Amino acid sequence: MSVQVRTRFAPSPTGYMHIGNLRTALYAYLIARAMNGKFILRIEDTDQERLVEGSVEVIYNTLKLVGLEHDEGPDIGGPFGPYIQSQRKDVYKEWAEKLIAAGGAYYCFCSKEKLESLRKEAEGKDAVFKYQDPCRELDPAEAQKRAVTGEPCVVRQKIPRGGSTTFNDMVYGSVTVENDTLEDGILLKSDGLPTYNFANVVDDHLMQISHVIRGSEYLSSAPKYNLIYQALGWVIPAYIHLPLIMKAAGKKLSKREGDASFEDFYHQGYLNEAIVNYIALLGWNPKDDREIFSLDELKKIFNISGLNNSPAIFDPDKLKWMNGEYIRKLAPEQFKQLAMPYYQKAIKRTDIDLLKLSKLVQLRTEVLSDIPGIVDFIDTLPEYDVSLYVNKKMKTDPAISLESLKLALVVLGNLEIWKHETIHDALFGLIETQGLKTGQMLWPVRTALSGKESSPGGAIDLAEVLGKEETLGRITAGIELLSKPS
RNA sequence: GUCCCCAUCGACUAGCGGUUAGGUCACCACUCUUUCAAGGUGGCGGCACGGGUUCGAAUCCCGUUGGGGACGCCA
C-alpha cells in the first residue's frame, strides 16, 4: 500500500514565526521531501479575535527565506483548496451536521456567560470545571429544529461515556486516555467558524494529509480527534508529535521571554541556514556525529526514527557557534555583502578596502551584529591607556614600545609601496637589525593602531587596512602618549 | 485538582540487556601564533532516586521525585 505522503504546516496568523513553529514546519517539510511527498501550507485563522495583520506575510516570507517551499497553499493554490480556514466555513458546517447525524456531536444552547460563571466558581474550589452539558440529552430532532430556526448555539463533540481511546504516535508510541477524562469540546462556535479541534480533523482528512506533524501540546487531545475520525468513518492519519522547545530554567520558549522568533534571530545577524541547521538538531539526530547539514542534505537523510521525544532546551550558545561555522564557510565576497549594513553603521570613512577588512573580520565574527564592535576602531582611534603597551608575553613595556614605535614610524614613513608584504618586510627588517623579539615590535604597533586590547588582525594587517597616512598618524599619537610624563 | 507525556555530562544528544557510557556546544589547560579569534591536543563533567526482572541493567517493569503539556466559543 503506497499512499502519497502529504504533510502540512498549519500556523495561525497571530504574529511572528516562533522558533518552535518553524521547527515543526521544517520537520513537516523534511518528512514530505524525504518520502517523496507533498508539503502543504494551510492557514488556520478561525479565531478572528487573535488575527494579527501582516502575519500571513511573515509566514510566507519566513518559509521562503529558509527554503521551505510548499507544494500547495493559499498563495499557489492546489487541488484541495481553499487553504485558508476562514474560507471553508461551509465545509465545516456540512461535516458538523454529518457528525451530529452520526451521533458524534450535538447542538448546545448554553450561553457563554453561564459557562464562564460556572468555570469561575469551580476555580475557587481548587478543581477544574468539567461541564456536564444538559444539551447532550436533548432530543436530536428538536435540537436541530431550534438550531435551524436561528437560536444561538454551538456544536459540541459527543465523547462516548466510559471506555478508553488509544492512538498510536510515531514518536511517543501508544497513548491511552480514559474517555471520561475528555470533555465535550466545542467544534463549531456560535459564529459558525470551527475550533481547531474540528477544523484540523476535517481539513487534514479532506486534504488527504497522511502524516500529522505538530507539537506535543496536542498529544493529550489527540484521542478526541480520533473519536471524530472514527465517528465519520475516516482513516486516521499517522501522528508525529514533536517534543517542545523550551527556554533555559525550564521555561517555555516564548516571545515574551526574549528573542524566540525567527525574525529576531535573523535581524540579529544569524544566517537562516544556521538557524535551520540548529533547530533541525533540536529533537532530531542523524545517528552519527555529523552536525552541519544544509537543507538539501537534510532532505535526503531526514528520517522519522531519528526523532526524539523529550523536551529540548534552546541553547543560544550553540546556535552562536554554529552560526560562526556558517560565517567562516562564506566566500570573502559573500561575507562582505552580508557585513555591509553593519560596516555602514560603524565605518564612515570611504578609504577602507572593505574586502581586505572582511578577510580579517570574518574569522572573528560569530553573529553579524558582532561586526560594529569589532571594527569600531577603524574610523577613530579610541582613547586608550599606556598600560595597554605592557604585555608580559610579548615582553613589552612602555619604554620598549616607545623605541619600537619611533623606529617603525621612520621605516614605514619611508615605504613607497604600501601593502602587506612591504610592511611585513620593513617591520621584520627592523626586528632583525635591532635584535628585538617579534612581539616587542609588533605588539606596540598593533596597540598604537587599534587602541584596543584585541583587534581583528595583527600590526601588519591593521596597517595595511588603515593605509599609510592613518597608520603613521596613529603611531605618532602612540609616541606622544608614551612620551608624556606619567 | 484530574489526565497525558518526558527523564544520559550545565546544554543538545548517541546508546535500544554485556561499552573504559561516545560526539558536539559551553568551560578549563596546553599548543600554534605579531593581539584576539580560528585551528590542533588534552581535561572537567552524566545514566534523578528506590525497588524489582536477569548470570548481567543507562537500556525491561513498578513506584517516588523532578520537569513539561492538556483541561477555552485559543491554536
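Predicted model only: the values in this text are computed from it and were never measured. By convention in this document, chain letters (A, B, ...) are assigned in the order of the sequence lines, proteins followed by strands, and residues within each chain are numbered from 1.
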- Reference residue N200(A); test side chain to side chain donor-acceptor pair (under 3.5 Å); the match among R214(A), E44(A), Q85(A): R214(A)

- Quick one: does K393(A) reach the base of rU34(B) with a side-chain donor-acceptor pair under 3.5 Å? no

- Message: Need one value for S454(A): base, sugar-phosphate or nothing, where a base atom within 4.0 Å counts as base even if backbone is also close, heavy atoms only.
- Response: base

- Message: Under 4.0 Å, counting only non-hydrogen atoms across every strand here, what does T176(A) touch: a base, just sugar-phosphate, or nothing?
- Response: sugar-phosphate

- RNA chain B nearest-nucleotide lookup for G458(A) and D317(A): closer to the 5′ end is D317(A)

- Message: Checking contacts here: which listed nucleotide (rU34(B), rA75(B), rU35(B)) is nearest the side-chain heavy atoms of R364(A)?
- Response: rU35(B)

- Message: For rA70(B) and K224(A) - does any side-chain N or O of the residue sit under 4.0 Å from the phosphate oxygens OP1/OP2?
- Response: no

- Query: Does rC30(B) pair with anything, Watson-Crick or G-U wobble, both distances under 3.5 Å, and if so, with which nucleotide?
  - Reply: rG40(B)

- Considering only atom C1', compute the distance from rC61(B) to rG17(B) and round it to an integer number of Å. 14 Å

- Touch check for L427(A), heavy atoms < 4.0 angstrom, all strands: base, sugar-phosphate only, or nothing? nothing

- Could you measure between the two C1' atoms, the one in rU64(B) and the one in rC6(B), and give it in whole Å? 15 Å

- Item | Strand partner of rC71(B), provided both Watson-Crick or wobble distances fall under 3.5 Å | rG1(B)

- Message: What's T195(A) touching, base or sugar-phosphate or nothing? Going by heavy atoms closer than 4.0 Å.
- Response: sugar-phosphate

- Of the candidate nucleotides rA38(B), rU34(B), rC36(B), which contains the atom at the shortest distance from the side chain of L363(A)? rA38(B)

- Is a salt bridge present between E464(A) and K356(A), judged by a nitrogen-to-oxygen distance below 4.0 Å? yes

- Distance between the C1' atoms of rG46(B) and rA58(B), in whole angstroms? 10 Å

- In Å, rounded to the nearest 0.5 Å, how long is the span from CD of Q362(A) to CG of L355(A)? 9.5 Å

- Message: Checking contacts here: which listed nucleotide (rC73(B), rA26(B), rC74(B)) is nearest the side-chain heavy atoms of W321(A)?
- Response: rA26(B)

- Could you state the atom-to-atom distance from CG of L242(A) to P of rG69(B) in whole Å? 15 Å

- Message: I'd like the P distance from rG68(B) over to rC73(B), given in whole Å.
- Response: 25 Å

- Close side-chain approach of Y83(A) to M207(A), heavy-atom, < 4.5 Å: yes

- Can you tell me the pairing partner of rA57(B) across any strand shown, Watson-Crick or G-U wobble, with both distances under 3.5 angstrom? none

- Pairwise C1' distance, rG43(B) and rU33(B) [rounded to whole Å]: 22 Å

- Query: Base, sugar-phosphate, or nothing for Q48(A), non-hydrogen atoms under 4.0 angstrom?
  - Reply: nothing

- Query: Between the base of rU24(B) and the side chain of R290(A), is there any donor-acceptor pair under 3.5 Å?
  - Reply: no

- Item | 5' precedence on RNA chain B between T438(A) and V175(A) (nearest-nucleotide basis) | V175(A)

- Task: Using the C1' atoms only, state how far rC60(B) lies from rC25(B), rounded to an integer number of Å.
- Result: 33 Å

- Message: If we check salt bridge (charged side-chain N to carboxylate O under 4.0 Å, His left out) with D184(A), which of these qualifies: K224(A), R136(A), R156(A)?
- Response: R136(A)

- rC73(B) base / S190(A) side chain donor-acceptor hit below 3.5 Å: yes

- Task: Classify the nucleic acid contact of M441(A) as base, sugar-phosphate or nothing, counting any heavy atom under 4.0 Å across all strands shown.
- Result: nothing

- Message: Whole angstroms only, please: what is the CG-P distance between D47(A) and rG72(B)?
- Response: 15 Å

- Message: A quick test of your reading: do over 12 heavy atoms of other residues, nucleotides or ligands sit less than 6.0 Å from NZ of K93(A)?
- Response: no

- Query: If we take the C1' atom in both rU24(B) and rA14(B), what is their distance in whole Å?
  - Reply: 11 Å

- Query: Aromatic rings F167(A) and Y239(A): how do their planes relate, parallel, tilted or perpendicular, breaks at 30° and 60°?
  - Reply: perpendicular

- Which residues pass the side-chain hydrogen bond (donor to acceptor under 3.5 Å, both in side chains) test with S358(A), sequence neighbours left out? Y343(A)

- Only residue of F314(A), Y270(A), F265(A) satisfying ring-ring contact (aromatic ring centres under 6.0 Å, His included) with Y278(A) is F314(A)

- What's the closest nucleotide to the E217(A) side chain, out of rA75(B), rC5(B), rA37(B)? rA75(B)

- Query: Watson-Crick or G-U wobble partner for rC49(B), using a 3.5 Å limit on both distances?
  - Reply: rG63(B)

- Starting from P on rC74(B), measure out to CZ on R50(A) and report it in whole angstrom. 9 Å

- Message: Check for me whether the distance between the ring centres of Y196(A) and Y218(A) falls short of 6.0 Å.
- Response: yes

- Item | Separation of rG68(B) C1' from H241(A) NE2 (nearest whole Å) | 15 Å

- Task: Check ring-ring contact (aromatic ring centres under 6.0 Å, His included) between F302(A) and all other residues, then give those that pass, not counting sequence neighbours.
- Result: Y27(A), W284(A)

- Item | Span that lies between the P atom of rA21(B) and that of rC55(B), in whole angstrom | 23 Å

- Using whole Å, report how far CG of L405(A) lies from C1' of rU34(B). 14 Å

- Between rA75(B) and K189(A), is there an OP1 or OP2 to side-chain N/O distance shorter than 4.0 Å? yes

What's touching nucleotides 7-14 of chain B from the protein side, N or O pairs under 3.5 Å?
residue: rC12(B); atom: OP1; partner: I313(A); partner atom: N; Å: 2.9
residue: rC12(B); atom: O2'; partner: L281(A); partner atom: O; Å: 3.3
residue: rU13(B); atom: OP1; partner: G283(A); partner atom: N; Å: 2.9
residue: rU13(B); atom: O3'; partner: N285(A); partner atom: ND2; Å: 3.3
residue: rA14(B); atom: OP1; partner: N285(A); partner atom: ND2; Å: 2.6

- Message: Quiz question: going by heavy-atom distance under 3.5 Å, is there a donor-acceptor pair between the base of rA70(B) and the side chain of Y218(A)?
- Response: no

- Between rA38(B) atom C1' and Y326(A) atom OH, what is the distance in whole Å? 18 Å

- Query: How long is the line joining OH of Y196(A) and P of rA75(B), in whole Å?
  - Reply: 10 Å

- Item | Nearest to side-chain heavy atoms of W443(A), which nucleotide of rC74(B), rG69(B), rU35(B) | rU35(B)

- Pick base, sugar-phosphate or nothing for C153(A), based on heavy-atom distances below 4.0 Å to the nucleic acid. nothing

- Task: May I ask you to say what T46(A) touches in the nucleic acid, namely base, sugar-phosphate or nothing, with a heavy-atom cut-off under 4.0 Å?
- Result: sugar-phosphate

- Roughly how many Å is it from CG in D191(A) to C1' in rG72(B), rounded to a whole number? 14 Å

